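Nothing fancy with the numbering, it's 1 onward along the sequence. All values reported here derive from a predicted model rather than from experimental measurement.
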Amino acid sequence: MSYFSGLVKSTLSRVVSGQEPSFPYILKEKNYEYEGSSIWSLHEGIKKADNSPVSIFSFDCVNNRHLLPLAKNHFKRVRTLRHPDLIRYIDGIETGERIYVVTDPITPLSEQLKANKNNDFLFWGIYKIANAVKFLNVDCNLVHGNIRLSSIFTNKAGEWKLGGFELLSSVQEENPVIVSYGELIHDFNKYASPEIKKHSLRVIKDYEPQVTDSWQYGCMIYEVFNGDINYPEQIYQRGAIPMNIFSQYKSLLAPEPRTRLDLSSFIDAGLMSNGYFQSDLIQINSFLENFAMKETNEKEAFFRKLESSLDKLPHDFCQYKILPELSKALEFGSGGPRALGLLVKIGEHLNGTEFETQLLPIIVKMFSLPDRTIRLSLLENLGRFVSHLDKAIINNQIFPHFASGFTDSVPVLREHTLRAVLMLIPKLNERIINNDLMRHLAKLQVDEQPGIRTNTVICMGKIASSLNDSNKKKVLSNAFVKSLKDPFPHARMASLMALNATVDYYEPVEKATKIIPCISTCLLDPEKMVRDQAFKCIGTFIKKLEIIANSMPDTTVIRPSNSGQTSGTNPPQEGWTDWAVTSITKKISDTIDSTVSPQSTPNNIQATSAPTPLAHSGSNSRNGTSSTTAPVQESTYTTFSATKNSFDPQQGMGKASTLTTLVPEPYKGKSGPASTTAAFAGMKLQGPPKPKTTSTFFKQDPWDMDTSGWDDGLAGDWDNESSDWGTPAIPSGKFKPLTPINATQSGKPGDMNHKFGERRTRLTEQRDKKKTGSLGARRL
């Protein structure tokens with residue numbers, strides 16, 4: 001016998017500890033406050049498969065064998081009955097030693113009554129239990145027989161759930177459990193009706209099921225508002241029972257069974273105008289439970305009411321009652337965008353784990369729906385739940401659907417998608433930001449809607465810090481400069497503000513040569529707000545450039561030594577011929593320009609230069625001494641190609657041909673050769689420009705905005721201090737530049753007189769040769 005009892009205890013311990021293979025739940029802490037109120041022990045539990053919480057009722061069959069019929073009846077009834085206001089059965093197991101009943105997580109009602117005495121909350125609970133008892137009496141024709149506080153539990157939402165089915169039975173049975181075992185229930189006589197006390201339990205079979213349960217329901221109302229019943233006459237005192245329900249309460253406790261108010265009438269009286277069940281909590285709960293059967297206009301009215309009263313409702317009720325019902329409505333397509341907005345509003349108060357389990361799957365699914373109203377609601381409410389979204393979920397599951405809003409045909413959806421970018425940026429990865437997102441923004445920058453174009457510029461300015469260095473330096477400047485030409489004033493204004501905010505991202509040369517000239521076009525904008533912002537913006541850029549300019553050296557020209565010796569390795573000094581020869585070159589260029597055909601444009605003139613070694617020998621015009629100059633390693637010739645009318649002896653006058661001329665830039669020696677002076681004879685100089693102290697290489701203005709009058713097309717402009725000395729590159733074309741054939745005809749190699757004398761000699765010889773050939777043919 002001792003062996004058998006030890007075996008029983010060992011099996012029992014395995015089951016309780018969750019080690020029994022056939023019981024997939026783990027029992028945890030017992031609720032000791034509930035102990036003794038029922039034949040059951042209440043435990044917290046966990047499902048092994050997913051660690052979800054449950055509640056487990058445990059009955060000891062060995063030590064309470066006399067109560068076993070009651071436990072088995074409860075186990076039977078809880079498995080077969082389903083109603084929103086009854087405890088929900090999940091699983092159960094019955095062995096020779098124990099009976100376990102697994103339900104949703106619940107707690108005894110007594111714990112809630114200690115924490116909350118709000119009348120609206122209490123009336124809501126009373127309403128829920130009345131519905132449950134009505135279902136048992138009317139729909140199932142069963143009598144509960146055990147309605148008391150210990151038989152009522154609350155779930156996470158705070159809803160009251162009826163349990164305690166130990167005596168639940170049909171009065172039509174030959175031996176109902178309530179008749180056979182009713183007296184075994186603790187304190188049964190305390191809640192027994194007068195007819196049962198006067199006769200016996202068998203009298204129950206003479207009346208309708210609601211007669212017995214109405215009396216016990218009235219006793220339950222007294223305990224809810226006033227506490228325990230200490231003596232029978234106490235229930236006829238009002239105590240803390242609200243006056244609006246007291247008259248109906250007395251009808252529930254009528255001594256005569258046939259005049260006793262049934263629970264169906266009790267509910268109807270409470271739902272009448274100004275009735276005790278006319279509260280927001282009860283109406284919202286009732287509507288949600290029948291949501292699928294409501295009409296569209298009724299749903300719209302309900303959502304408006306719910307939105308206005310949502311802050312007044314208990315948080316647990318919103319999270320565990322309203323949220324699941326709205327999720328079901330959205331899942332089956334009957335909720336719409338208003339339901340989604342309310343769902344997200346409730347989700348603001350959830351912690352990370354609760355949001356992930358209750359709300360996240362719904363939101364991810366909603367983003368994938370093609371319904372524009374749902375997606376618009378998601379974008380409008382994104383700020384309420386974006387903090388709960390994981391980066392991986394955003395990048396992999398949400399953004400692919402989110403990005404479709406950039407190209408949507410509805411402008412409102414494009415605009416809201418654009419605004420929502422700012423909230424997603426902190427959680428987007430680098431690839432999406434610098435590739436996918438920038439492509440979408442580039443398209444939106446030329447959108448047909450001016451507001452979208454403006455918001456695109458603002459968005460790019462705000463996300464600039466999240467871009468990589470390449471996009472910061474290249475894409476941003478191009479985008480903002482482009483928007484400076486937008487016909488919508490606010491777009492230009494936004495572009496100027498964005499440039500001002502991102503000034504540190506651009507290279508100094510880009511600021512000076514590209515951005516500032518474009519900003520200057522807005523200085524005389526027709527709109528005053530744009531003009532004011534343009535002056536602020538250009539001031540910011542100039543201040544930045546001033547700081548950089550002040551840190552630069554005064555000059556990059558290396559001065560020769562004071563020995564007076566000219567060396568091929570030292571740069572020549574700045575002389576009077578520097579600006580003079582540039583002016584001559586300017587005139588030569590102007591002469592060629594004047595002969596260009598009407599179809600030609602300034603863009604037909606091209607300047608190219610290429611270095612080549614060239615040796616020079618000449619005399620020093622200042623001291624009269626002859627010297628041989630060291631070979632100059634880099635000389636610059638500028639090649640001009642222009643179309644002009646020339647004479648062709650064979651084809652006649654007026655043939656358009658291309659003239660290619662090599663114009664040497666001034667030889668930058670200590671003093672020019674003697675033959676150089678002859679080249680200036682008869683030319684009227686316009687006077688030298690102000691010499692510059694620093695050498696600068698000006699590239700062609702990308703906007704062709706140079707109107708200074710000094711631009712002669714040379715690569716070095718009029719600043720000869722930066723010119724290179726070299727032989728030009730031979731351009732490809734029909735005509736090749738002439739090469740010197742007789743260096744002794746005029747001047748010396750490299751000398752301008754030599755160059756032009758050589759060209760005149762070559763042209764004369766060619767013309768004479770053609771004429772001679774023509775005459776000889778005639779003589780023959």
Should Val446 and Arg453 be marked as a side chain to side chain contact (heavy atoms under 4.5 Å, CB included) after you check the CA-CA gap, both sets of side-chain angles, and the distance that decides it? CA-CA 6 Å; Val446 294; Arg453 298 198 303 268; 5.6 Å; no
Crowded around [X] [atom1]? As in, over 12 foreign heavy atoms under 6.0 Å?
X: Glu356; atom1: CD; answer: no
X: Met497; atom1: CE; answer: no
X: Lys536; atom1: NZ; answer: no

Flag side-chain contact, heavy atom, 4.5 Å: [X] against [Y]:
X: Ile463; Y: Leu437; answer: yes
X: Thr502; Y: Lys472; answer: no
X: Lys345; Y: Asp311; answer: yes
X: Leu413; Y: Leu379; answer: yes
X: Ile394; Y: Leu424; answer: yes
X: Asp408; Y: Ser404; answer: no
X: Glu307; Y: Arg338; answer: yes
X: Leu350; Y: Leu323; answer: yes

Backbone N/O of [Y] and side chain of [X]: donor-acceptor pair under 3.5 Å:
X: Asn435; Y: Arg431; result: yes
X: Arg492; Y: Lys485; result: no
X: Thr454; Y: Pro450; result: yes
X: Lys427; Y: Leu389; result: yes
X: Asn395; Y: Asn429; result: yes
X: Asn381; Y: Arg384; result: no

Step by step, would you call Asp469 with Lys473 a salt bridge (Lys or Arg N to Asp or Glu O under 4.0 Å)? CA-CA 6 Å; Asp469 292 339; Lys473 294 178 181 179; 5.8 Å; no
How are the rings of Phe367 and Phe385 set relative to one another: parallel (under 30°), tilted (30 to 60°) or perpendicular (over 60°)? perpendicular
Aromatic rings Phe406 and Phe402: how do their planes relate, parallel, tilted or perpendicular, breaks at 30° and 60°? perpendicular
Steps toward side chain to side chain contact (heavy atoms under 4.5 Å, CB included) verdict (Met460, Leu476): CA-CA 8 Å; Met460 293 181 69; Leu476 288 182; 4.2 Å; yes
Stepwise side chain to side chain contact (heavy atoms under 4.5 Å, CB included) check, Leu342 with Ile322: CA-CA 9 Å; Leu342 292 170; Ile322 299 179; over 6 Å; no
Considering non-hydrogen atoms only, spot the tightest contact between [X] and [Y] and give its length.
X: Met366; Y: Leu330; value: CE-O, 4.2 Å
X: Ala534; Y: Leu496; value: N-CD1, 3.7 Å
X: Ser483; Y: Gln445; value: OG-NE2, 2.7 Å
X: Asn434; Y: Ser466; value: ND2-O, 4.4 Å
X: Gly336; Y: Ile374; value: C-CD1, 3.7 Å
X: Val421; Y: Cys459; value: CG1-SG, 3.9 Å

Thinking salt bridges, do [X] and [Y] make one under a 4.0 Å N-O criterion?
X: Lys443; Y: Asp447; result: no
X: Arg419; Y: Glu415; result: yes
X: Lys544; Y: Asp504; result: yes

Value rounded to 0.5 Å, distance of [atom1] in [X] from [atom2] in [Y]:
X: His401; Y: Leu378; atom1: NE2; atom2: CG; result: 11.5 Å
X: Phe355; Y: Ser387; atom1: CZ; atom2: OG; result: 7.5 Å
X: Leu360; Y: Asp390; atom1: CG; atom2: CG; result: 8.5 Å
X: Leu340; Y: Arg375; atom1: CG; atom2: CZ; result: 13.0 Å
X: Asn455; Y: Leu422; atom1: CG; atom2: CG; result: 9.0 Å
X: Tyr505; Y: Ser465; atom1: OH; atom2: OG; result: 5.0 Å

Take Glu527 and Arg531 through the test salt bridge (Lys or Arg N to Asp or Glu O under 4.0 Å) and record every step on the way to the result. CA-CA 6 Å; Glu527 300 294 331; Arg531 295 195 300 270; over 6 Å; no
Does a donor on one side chain and an acceptor on the other come within less than 3.5 Å for Arg414 and Ser409? no
Going by atom types only, do Asp371 and Thr373 share a side-chain donor-acceptor pair under 3.5 Å? yes
Assess whether side chain to side chain contact (heavy atoms under 4.5 Å, CB included) is satisfied between Ser327 and Leu343, documenting all intermediate values. CA-CA 7 Å; Ser327 299; Leu343 184 142; 3.4 Å; yes
